[in-house]
Amino acid sequence: MKAFTLRAAALSVAALFSSVSLAAADGVLTGEAQGRNGPVKVEVTMTDGKIADLKVVQHKESTGIADPALERIPAAAVAEQSLAVDVVGGATLTSEAILAAAVAALKAGGIDPAPYMKKPDASSAANAPVEKVATDILVIGAGNGGITAAVKAAMAGQKVVLIEKRPAAGGVSALNHGGLAATGTRYQREEMKETKDSPELLYKDMLRVGKNANDPVLAKMVSERTGEVGNWLIDDLKVAYGAAWVQFPDHSAHRQISAKGNSVGWQKTMLEIFEKHGGVLMTDMRASEFITDASGAVTGVKATGLKGKPYEFDAKSFVLAAGGYGADKTMLPARMKDVLFYGIPTETGDGFKMATAIGADTINLDYVKTYPNGVEVQPGRSMDTTGSSTFAVRGSAIFVNTDGKRCVNENLSLGELTEATLAQKNHIMYLVMDDKAWKAYVKKAIDDHTVPDASTFENWKSLRNNGRPVICEGELDVCAKEMGIDPKGLVQTVADWNKAVAAGEDKAFGRKALVALGEGPYHIVEQKARYQTTLGGLKADATMAILNKEGKPIGNLYGAGCVVGGANGADSMTTLMNTWAIVSGYVAGESAVKNAK
């Protein structure tokens with residue numbers, strides 16, 4: 001089993017039960033444990049032997065994803081007088097960190113945690129009468145695809161219910177930077193001054209990066225309609241966008257834009273529009289089964305709410321936007337076994353399974369969107385540092401392998417960098433930076449909201465994978481030895497790189513951005529392959545109608561986002577996963593409205 005150690009504060013709850021008193025003193029106690037992104041610090045107020053209050057006073061967890069855990073776990077712990085309450089789905093690591101930190105606080109105060117570890121009685125509502133809900137359009141899944149479909153349908157005057165199995169809307173989309181391909185938009189022409197882009201060029205780029213494994217019908221639809229969708233968002237809905245700070249090289253034109261406030265800000269704006277137009281959002285609602293008529297058309301959905309309460313939804317049209325299946329490794333190809341996951345644990349393919357159970361066809365199930373630049377901050381789990389890493393290698397930073405040698409042109413596309421990472425020994429590269437590049441790397445991560453502040457990186461310096469740090473600061477040879485890199489090889493590589501910069505040519509890999517590595521202290525950061533979303537899924541036509549195995553639409557059923565496969569082929573360009581979610585949601589919502597009338 002892989003060895004992975006953290007600071008003492010992140011020990012498991014069970015390990016905290018030693019050397020404690022049985023007496024419960026009054027007072028405010030403090031403890032911390034490792035969350036998804038860093039330490040989670042809590043204060044526990046004890047009064048007369050009871051947990052009077054539990055507050056999270058400091059954390060670095062992801063906005064949107066972690067919010068339900070931060071709200072619900074402390075309240076549940078106080079209400080149930082238990083630090084063994086159920087974790088919040090989709091925010092498991094944050095939930096566990098809050099509870100472990102509370103246990104650590106009790107121990108620090110000399111209080112035995114055992115009396116507070118009893119599992120609360122979970123009264124089930126599974127046998128309650130089925131609650132029936134009727135609507136014009138039901139959207140299943142409140143990520144960016146589902147939200148877009150719901151807004152589009154609600155603005156057309158339809159009665160729309162949007163259900164989400166997590167305690168809050170957002171889905172895995174909440175982790176991305178809100179990117180969109182602006183091809184054909186007014187914004188691209190007037191603000192970005194890009195006049196050479198076209199739907200044809202975007203389509204060509206998609207097939208090139210997707211290695212021609214794309215469903216041409218869906219790729220063509222996205223390339224032709226992203227301009228319309230971008231204009232709708234920016235000009236009609238007044239959603240704030242700006243040109244992406246880093247324009248990744250896999251695009252042949254200046255077309256990458258990002259929502260202000262990333263996807264979390266985008267979602268807030270869109271959900272406000274949805275509510276304004278009478279839309280209803282129901283969270284903690286897990287769809288489980290389609291109800292069909294004799295012709296195979298979908299007429300309803302079975303779902304379960306809190307405590308297993310049964311629901312049935314009746315609608316004229318259904319949009320399935322329940323996400324991919326990245327969290328279920330049994331559904332992934334074997335090659336993904338050692339690739340780090342950085343999504344959310346609720347990406348379990350529920351919608352995919354529901355649709356295939358009624359005969360939906362599938363496409364490209366062997367393809368998973370894999371990225372470079374992962375830092376393993378939890379066992380088997382990664383943080384996304386691509387923006388920072390890309391920014392660093394636009395300057396002086398270089399990638400090396402365990403031999404200390406450069407192994408790739410650092411300015412290649414993300415797909416090519418992923419392939420280079422997987423080709424190295426132990427599937428790992430290292431980002432080597434001088435002090436100037438390191439400061440730019442940290443600033444970019446903060447500006448992108450990848451981390452809340454610079455202290456996150458300081459905390460990461462205490463992390464160890466198989467006894468090796470994930471980040472090292474110091475002299476080149478010393479850090480190389482610490483990280484498991486050949487010290488002599490790295491020192492020679494840096495010298496060779498600086499000579500190439502002085503000569504004005506990178507003969508080894510043809511990199512054009514030539515900046516010498518300067519003064520230390522030097523920083524080395526591990527770079528592993530990571531994934532969160534799947535590229536394969538259900539098969540759909542250009543209207544986003546889900547197709548059966550005979551290639552015919554399943555009545556009343558449409559799809560959006562990662563539950564539908566094929567558009568991006570074997571790989572996707574930067575921003576195209578989110579572009580796909582939004583454009584497919586727009587088209588699915590439009591089609592659902594036409595079908596419902």
Side-chain angles (χ1 to χ4, degrees), residues 51 68-69 71-92 95-96 98-99 116-142 146 150 159-171 279-294 296-323 325 327-328 330-331 344-360 556-557 563:
I51 303 173
E71 294 169 3
R72 293 191 180 190
I73 294 297
V78 174
E80 300 290 348
Q81 289 299 296
S82 171
L83 299 179
V85 295
D86 288 340
V87 300
V88 172
T92 302
S95 301
E96 291 176 343
I98 296 169
L99 295 170
Y116 307 96
M117 298 308 298
K118 182 179 179 182
K119 195 77 174 171
D121 291 333
S123 56
S124 174
N127 295 322
V130 176
E131 183 167 337
K132 299 198 174 185
V133 180
T135 186
D136 294 330
I137 296 172
L138 178 71
V139 181
I140 304 168
K159 182 180 178 182
V160 183
V161 174
L162 172 62
I163 64 173
E164 167 59 45
K165 69 178 179 180
R166 295 185 66 250
V280 175
L281 171 64
M282 299 177 68
T283 58
D284 297 293
M285 186 65 63
R286 186 170 192 160
S288 58
E289 183 182 346
F290 285 120
I291 301 169
T292 58
D293 63 16
V298 176
T299 59
V301 165
K302 294 182 179 181
T304 52
L306 286 173
K307 297 185 177 181
K309 179 178 172 57
Y311 286 79
E312 282 187 11
F313 292 86
D314 177 77
K316 300 172 185 176
S317 297
F318 301 83
V319 177
L320 183 60
Y325 45 89
D328 186 350
T330 65
M331 298 178 68
I344 57 177
T346 49
E347 287 279 288
T348 50
D350 294 11
F352 176 86
K353 295 169 186 173
M354 288 170 59
T356 53
I358 61 169
N556 306 326
L557 181 60
V563 75

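For clarity, every value in this text was computed on a predicted model and none was experimentally measured.
- For Asp314, there are no side chain to side chain donor-acceptor pair (under 3.5 Å) partners two or more places apart in sequence or in a different chain.
- Leu281 and Ala142 get closest at one heavy-atom pair: CD1-CB, 4.3 Å.
- With values rounded to the nearest 0.5 angstrom, Thr299 atom OG1 is found 11.5 Å from Leu557 atom CG.
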Thr304 vs Lys309, test: side chain to side chain contact (heavy atoms under 4.5 Å, CB included). Steps then yes/no. CA-CA 5 Å; Thr304 52; Lys309 179 178 172 57; over 6 Å; no
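- Judged purely by distance below 3.5 Å, without hydrogens or angles, the side chains of Thr348 and Lys165 pair a donor atom with an acceptor atom.
- Annotation for Ala77 and Leu83: closest pair CB-CD2, 4.0 Å, computed over non-hydrogen atoms.
- Pro345 approaches Ala327 most closely through the heavy-atom pair O-CB, 3.6 Å.
- Considering every non-hydrogen atom in both Pro74 and Ala69, the closest pair reads CD-O, 3.5 Å.
- The backbone N or O of Ala297 sits nowhere less than 3.5 Å from a side-chain atom of Thr292 that would complete a donor-acceptor pair.
- Between Phe352 and Tyr325, the angle of the ring planes lies from 30° to 60°, which puts this pair in the tilted group.
- Legend: residues meeting side chain to side chain donor-acceptor pair (under 3.5 Å) with Lys118, ordered by chain and number and at least two apart, are absent.
- Between Phe290 atom CZ and Phe318 atom CZ the span is 8.0 Å, to the nearest 0.5 Å.
- With hydrogens and angles disregarded, a donor-acceptor distance shorter than 3.5 Å links the side chain of Gln81 to the backbone of Ile51.
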Evaluation steps, side chain to side chain contact (heavy atoms under 4.5 Å, CB included), between Ile73 and Val88: CA-CA 8 Å; Ile73 294 297; Val88 172; 4.0 Å; yes
Begin from the C-alpha positions of Val298 and Ile291 and carry the test side chain to side chain contact (heavy atoms under 4.5 Å, CB included) through to its verdict. CA-CA 6 Å; Val298 176; Ile291 301 169; over 6 Å; no
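- Here Asp284 pairs with Arg72 under the side chain to side chain donor-acceptor pair (under 3.5 Å) rule; sequence neighbours left out.
- In this structure, Phe313 and Ala303 approach most closely via the heavy-atom pair CE1-CB, 3.9 Å.
- Ile140 is not listed as a side-chain neighbour of Arg286, based on a closest heavy-atom distance of 4.5 Å or more.
- With Glu80 contributing its side chain and Pro120 its backbone, the two residues share no donor-acceptor pair below 3.5 Å.
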Full working for side chain to side chain contact (heavy atoms under 4.5 Å, CB included) between Leu138 and Val301: CA-CA 9 Å; Leu138 178 71; Val301 165; 3.9 Å; yes
Acceptor/donor pairs from residues 130-137 side chains to any protein atom, 3.5 angstrom cut, sequence neighbours excluded:
| unit_1 | atom_1 | unit_2 | atom_2 | d |
| --- | --- | --- | --- | --- |
| Thr135 | OG1 | Lys159 | O | 2.8 |
| Asp136 | OD2 | Lys159 | N | 2.8 |

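- When every heavy atom of Ala355 is checked against every heavy atom of Leu320, the shortest pair comes out as CB-CD2, 4.0 Å.
- Take Lys307 and apply the salt bridge (charged side-chain N to carboxylate O under 4.0 Å, His left out) test, not counting sequence neighbours, and it matches no residue.
- The only option from Val160, Val139, Val563 that meets the side chain to side chain contact (heavy atoms under 4.5 Å, CB included) definition with Val319 turns out to be Val139.
- Using a 4.5 Å heavy-atom threshold, the side chains of Lys119 and Asp86 count as touching.
- For Ser95, the side chain to side chain donor-acceptor pair (under 3.5 Å) criterion is met by no residue, not counting sequence neighbours.
- How far CZ of Arg166 is from CD of Glu347: 9.5 Å, rounded to the nearest 0.5 Å.
- Leu162 is not listed as a side-chain neighbour of Met282, based on a closest heavy-atom distance of 4.5 Å or more.
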